[in-house]
Each structure stands twice: as C-alpha cells, then as structure tokens.
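Because the structure is a prediction, the values reported are computed rather than measured. No hydrogens, no waters, no symmetry mates; every other heavy atom, side chains included, goes into these values.
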Amino acid sequence: PKLNEYVIIDFQLIFDSISKIIIQYFDDKSKHGPHLADKTLFKQKGLINASVLRNVSGCLEKDELVSLLQHRHIISKIETTNTNASKMEKTNNTMFFMPCVLPKVELSYDQFHNFSSFLVLFDHGYCPVGLFCAATTRLIAKHKWRVTKGEDQYRNKINFYCTYSEILCNVIFSAFSAHCEVCLMGKLVPKVKYMIYKDIDAVFGKVCEDMKYPPPSYGFYCPGES
C-alpha cells in the first residue's frame, strides 16, 4: 500500500537493487553479506532470504522494495523449510524466488512431444526478453503453482506442480527462442487441461500488458509424417 504514495519515474532504482543482490550472492571473497549456504541456494535455486533485501533497499523500506519487485514480476514469495540451509534461513522461512538469476539450459524441441503440450506464441516469432521469468513469478504469486523440489530449475525451464479439482498436476514450463511451452505430464481430463490453459492465458495477458507487449496466441504441435 505504501507504494501508492510514490511515482517512480526512473526504474534505475530496481536495476541498482538487483545488481546489489547479485553482487552480494556472487562475491565469494567478501566476509560480509549472506552465509555460504544462502549463496548456494541463490545460485542453484534462485532463492533469496528476506533479510538480504533489507540491505539493498536503498531509499525504500524493505517491504516497499519487495512490493515493487513483486509488482514488476521479478520476485515471488515462496515458502521453504530446507534443512540444509543456514541457521538464518531455518528460523525464517520467508524466501523469495528470482528465476532470472538461474542458469540457462539447452532445450530440445522434441523432448516433450510424448506428453500433452501447448505453445504460447508471440508477435515477430520470438519470445520477448524477461517474459518467461515474469510469467513464472506470476504463476507462483497469483495461481498457487509451486516449484517442484528436488528438480533442477533454470531460467528457461521450471518444473511446477499445481492442484486443480483436487488433481495434482505436474507441469514443465519452458521458454524457447520463438515461443514458450507448457507441458502437462501424464494423462489429465479435459476439464483440468482447460483450467490450466485459462490460468496460463490470464498470466500472459497480465504480464504482456504490464510489459507493453501484444497479447500472445496459442497453438499445438502438429506431428509430421513419419
């Protein structure tokens, strides 16, 4: 609510805050900043301890910075009880997920074709920069999708689980250079598939509007003749 009192005319504030976060987590020589276990969580899983945001908020309060980063779809609040993390994290389970800092993985166009997939397509035949990570944080924040524990996550491929009509669904959400792909693992009834599609459409509609991109269209793979 406090953000309603501000008019932000220069988003350099956000860029500076993100730079400070990344520097704190990747500067292994510094004796200050996050614990080693927290740095490992950030580098491997994109998780940020809430206490770190207090040190990089600059002219804003910590809660104001968090609200601003969430509003711009850069981070999303996530609950974790990782017992291998530092003492700080064990006592404070408030963490934030920043998928844009994760490593990238090479994707194959035919790796998910045995499952039910639909495609998110964009104007000019390419996936806009930052849109995938923004959609990822929006799915977590507004539609209660959860990042699958024990799976490797990347800034262009996230393993999710979610529940629709009391049915647990496993979804692989990926970003290729020309489109995004939503892969529904296993056999799901049409009603559940439609509910997932509706949420994906709502998410991309919102982030495209916020980032000033045209709304996407949707499609499916068309298998060629063998």
Which heavy atom of [X] sits nearest to which heavy atom of [Y], and what is that distance?
X	Y	result
P103	N156	O-OD1, 4.5 Å
S76	I140	OG-CG2, 3.3 Å
V120	H179	O-CB, 3.2 Å
S165	K191	OG-CE, 3.8 Å
L107	K157	CD2-CD, 4.0 Å
K45	L102	C-CD2, 3.4 Å

Report task. Carefully, step by step, assess C169 and L184 under the rule side-chain contact (heavy atoms from CB on, under 4.5 Å). Result -> CA-CA 7 Å; C169 309; L184 311 180; over 6 Å; no
Query raised in the report: If you count the non-hydrogen atoms of other residues, nucleotides and ligands that lie under 6.0 Å from OH in Y218, is the total more than 12?
Result: yes
Query - Atom NZ of K43: over 12 foreign heavy atoms under 6.0 Å - result: yes
Are the side chains of [Y] and [X] in contact, using a 4.5 Å heavy-atom criterion?
X	Y	result
Y154	K104	no
M95	L41	yes
N159	V147	no
P214	F122	no
V182	L119	no
S177	Y126	no
C162	K144	no
F97	I48	no

Are [Y] and [X] linked, directly or through intermediate hydrophobic residues, by side-chain heavy-atom contacts shorter than 4.5 Å (ILVMFWY only)?
X	Y	value
I23	V101	no
V192	F220	yes
F173	I167	yes

Query raised in the report: Judged by modelled atom types alone, do Y164 and D199 share a side-chain donor-acceptor pair under 3.5 Å?
Result: yes
**Report entry** S174 versus E181, side-chain donor and acceptor atoms under 3.5 Å
**Finding:** no
To the closest 0.5 Å, what do you measure between [atom1] ([X]) and [atom2] ([Y])?
X	Y	atom1	atom2	value
N170	M185	CG	CE	7.5 Å
F204	F132	CZ	CZ	8.0 Å
L65	K20	CG	NZ	9.5 Å
F160	E151	CZ	CD	12.5 Å
T137	Q70	OG1	CD	9.0 Å
T148	Y161	OG1	OH	7.0 Å

Query raised in the report: Given F42 and I21, is the side-chain contact (heavy atoms from CB on, under 4.5 Å) satisfied, shown in steps?
Result: CA-CA 10 Å; F42 181 75; I21 292 171; 4.1 Å; yes
Query raised in the report: Is the closest basic N to carboxylate O distance between D210 and K206 below 4.0 Å?
Result: yes
Requested in this report: Evaluate side-chain contact (heavy atoms from CB on, under 4.5 Å) for V171 paired with W145, printing each intermediate quantity in order.
Outcome: CA-CA 9 Å; V171 182; W145 286 34; 3.8 Å; yes
Query - Test of ring centre spacing under 6.0 Å for F118 and Y197 - result: yes
